[in-house]
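Reviewing the structure listed below.
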2 protein chains.
Amino acid sequence: MEGEQCKSLLQWLGGTSLFAGMDDAYLQDLCGIAMVVSYRRRATIFTAGDPGYGFYLVKEGRVKVYMISADGKEQILHILGPGEPFGEAPVFAGRSFPAHAAALEDCRLVFLPRDAFVDLVTRNPSLALNLLAVLSQRLRQFARMVDSLSLKEVPGRLAAHLLLLSRRQANGDELELELSKTQLASLLGTIPETLSRILRKLQKAGYIRIEGAKITIVDRQRLAELAEIGKF
Amino acid sequence: MEGEQCKSLLQWLGGTSLFAGMDDAYLQDLCGIAMVVSYRRRATIFTAGDPGYGFYLVKEGRVKVYMISADGKEQILHILGPGEPFGEAPVFAGRSFPAHAAALEDCRLVFLPRDAFVDLVTRNPSLALNLLAVLSQRLRQFARMVDSLSLKEVPGRLAAHLLLLSRRQANGDELELELSKTQLASLLGTIPETLSRILRKLQKAGYIRIEGAKITIVDRQRLAELAEIGKF
DNA sequence: CAGCCGGGTTGACTTAAGTCAAAGATTGAC
DNA sequence: GTCAATCTTTGACTTAAGTCAACCCGGCTG
């Protein structure tokens, strides 16, 4: 890893929330241990139980982290986009990946090997704090997810997801699903058939309008109530 | 906080996995900012949305962290016992508690205020690493929980819980439920009626034997399969 | 001692959501 | 451009688990 290439990697790393605010000297070290790797759409990045020799940062593309049941059904835990880290759990505890990861699109990842990274963390308080923030944030997400899976019905989970998207996309009431409906079903803890029926039901009931992957929120108020109470 | 009292607190803190391996000098500082607080059984410790000015460490007793749905159903996220920390999320991200916490029994907690603690973390790499390990561990637990809620039926979740207990208690095939059946139902994401029926069904099918809160594992092999495949 | 209250159990019923199967619709590859 | 593979929708059916209501039981309280 040399000259220009390394320099741009350094800048990119410095721009991620994980490494924000770190001294260039440290980023330099980081570049020394980082490896850029590519995966094709659908390729498996790691599998639950694999020993984790390091973790990843998404540079381009998107990645799903998921669990698989004995009979092959999948539950997506996270979708990661550019700048987001994943696979950190075995770096600090447990030594092996608790879940599977695969590329949703062709993607380019930065791999940070465990030992060198831990070393860097111990010498760099702000990196440690950033990491703690990332993990804490993820714990929150999980708490919401458990809440949602256990206390809300599918329409409620869907409503919550749509509202979340609309906050992220900030295109008024129009929004673009970022996942195929099959993947969205897996993220919401259900199956495509059920998702399909519920989208239709919400449309009939005047909450949303559907045109392929474009959804228009018709009645934000009621959608928010649905997300809140969790029952249709 | 003076003399003897403080010294024993220091020793106790040094014995928790969170502060294991920290220099006495730092533990000294820690004692300076720590406050011991007591809660009665059923008392609320914090509520989702409360600003988090610090986090807690269980000294004696047990605590539940949980979510509540709009119609009052509860889902327990964690049960914490002596030595375990909780409520750390807002220390590093988000500023407010994502869930509720209440005392399951009369208990004594150590409260560590945010700012002083963050300060300590930045100056103490091993503390930062311990914390990262704790949070990573918790992320694993959550992943298992989501997996379980979404991909397994109640009998499967129950089987997994019983096996977990039996590994922790190490009393051969006999084990003691550590929660009331109502609480256990809430931890497994179901309701007491359903749990009751399923316990009975598992007994009828020869997986376990039930005597009040004492459960004996009769067929560990099949129980493990049930936990694995998730379906009865 | 009576009465009450919380926890646990049981039964009858309802329902959300999963299964299975088949038919469109899209996408991609050759 | 066409054929295959994958995604999506729809319908008919099944089922796990929730709701509601009643009852039981052990422990406290007054």
Side-chain angles (χ1 to χ4, degrees), chain A residues 40-42 64 69-76 102-106 148-159 176-205 208-215 226 229-232, chain B residues 40-42 64 69-76 102 104-105 148-159 177-205 208 210-215 226 229-232:
Chain A
R40 283 248 205 57
R41 177 174 154 83
R42 266 162 232 259
K64 68 174 173 186
S69 72
D71 57 339
K73 253 184 60 183
E74 109 177 0
Q75 166 70 51
I76 293 181
L104 281 175
E105 313 160 359
D106 289 356
S148 187
L149 280 171
S150 145
L151 303 174
K152 292 176 183 160
E153 301 179 348
V154 180
R157 291 178 231 160
L158 174 57
E176 204 60 44
L177 294 182
E178 291 167 351
L179 295 169
S180 77
K181 300 208 173 137
T182 302
Q183 300 284 3
L184 178 57
S186 166
L187 182 64
L188 297 179
T190 185
I191 55 175
E193 292 97 316
T194 298
L195 177 60
S196 177
R197 289 187 242 270
I198 286 172
L199 276 167
R200 169 164 304 274
K201 222 160 60 163
L202 289 187
Q203 172 162 250
K204 283 231 170 78
I208 58 176
R209 203 148 37 80
I210 312 165
E211 288 140 294
K214 210 182 90 200
I215 305 274
L226 177 54
I229 66 171
K231 300 202 175 180
F232 187 67
Chain B
R40 283 250 205 55
R41 178 173 153 84
R42 266 160 231 261
K64 69 175 173 185
S69 72
D71 56 338
K73 253 183 59 184
E74 111 179 356
Q75 166 70 50
I76 294 181
L104 281 176
E105 312 160 359
S148 186
L149 281 171
S150 147
L151 303 173
K152 292 175 181 161
E153 300 179 348
V154 180
R157 290 178 231 160
L158 174 58
L177 293 183
E178 292 168 349
L179 295 170
S180 76
K181 299 207 173 139
T182 303
Q183 300 285 358
L184 178 57
S186 166
L187 182 64
L188 297 179
T190 184
I191 55 175
E193 291 97 316
T194 297
L195 177 61
S196 177
R197 289 187 243 268
I198 286 172
L199 276 168
R200 169 162 305 272
K201 222 162 57 163
L202 289 187
Q203 172 162 250
K204 283 231 170 80
I208 58 176
I210 312 166
E211 289 141 293
K214 208 183 89 201
I215 306 275
L226 177 54
I229 67 172
K231 299 201 176 179
F232 188 68

Checklist outcome for this item: Separation of D:dA12 atom P from A:Arg197 atom CZ, nearest Å, is 11 Å
Checklist entry - Does A:Thr194 make a side-chain N or O approach to OP1 or OP2 of C:dA16 shorter than 4.0 Å? => result no
Item to check | Distance below 4.0 Å between B:Arg200 side-chain N/O and C:dT10 OP1 or OP2 | outcome: yes
Next on the checklist: Using heavy-atom distances to pick each residue's nearest nucleotide on DNA chain C, tell me which of A:Ile191 and B:Arg42 is more 5'.
Outcome noted: B:Arg42
Checklist outcome for this item: Separation of D:dA16 atom P from B:Phe232 atom CZ, nearest Å, is 10 Å
Checklist entry - If we fit an axis to the first five pairs and another to the last five of the helix from C:dC1-D:dG30 to C:dC30-D:dG1, what angle do they make, to the nearest 10°? => result 40°
Checklist entry - Tell me, do B:Ile208 and B:Leu199 make a side-chain contact under 4.5 Å, heavy atoms counted? => result yes
Next on the checklist: What is the distance, to the nearest angstrom, from the CG atom on B:Leu149 to the C1' atom on D:dG18?
Outcome noted: 15 Å
Next on the checklist: Rounding to an integer number of Å, can you tell me how far A:Lys214 NZ sits from C:dT26 C1'?
Outcome noted: 19 Å
Checklist entry - Given atom NZ of B:Lys152 and atom P of D:dA16, what is their separation to the nearest angstrom? => result 18 Å
Item to check | Check: A:Lys181 side chain, A:Gly212 main-chain N or O, donor-acceptor pair, under 3.5 Å | outcome: yes
Checklist entry - Taking only N and O in the side chain of A:Thr182, is any of them less than 4.0 Å away from OP1 or OP2 of D:dT8? => result yes
Next on the checklist: Rounding to an integer number of Å, can you tell me how far B:Glu153 CD sits from D:dT15 C1'?
Outcome noted: 9 Å
Checklist entry - Atom CG of A:Leu226 to atom P of C:dA16: distance rounded to whole Å? => result 13 Å
Checklist entry - Under 4.0 Å between a side-chain N or O of B:Lys231 and OP1 or OP2 of D:dT15? => result no
Next on the checklist: Can you measure A:Lys181 atom NZ to C:dT26 atom C1' for me and round it to whole angstrom units?
Outcome noted: 12 Å
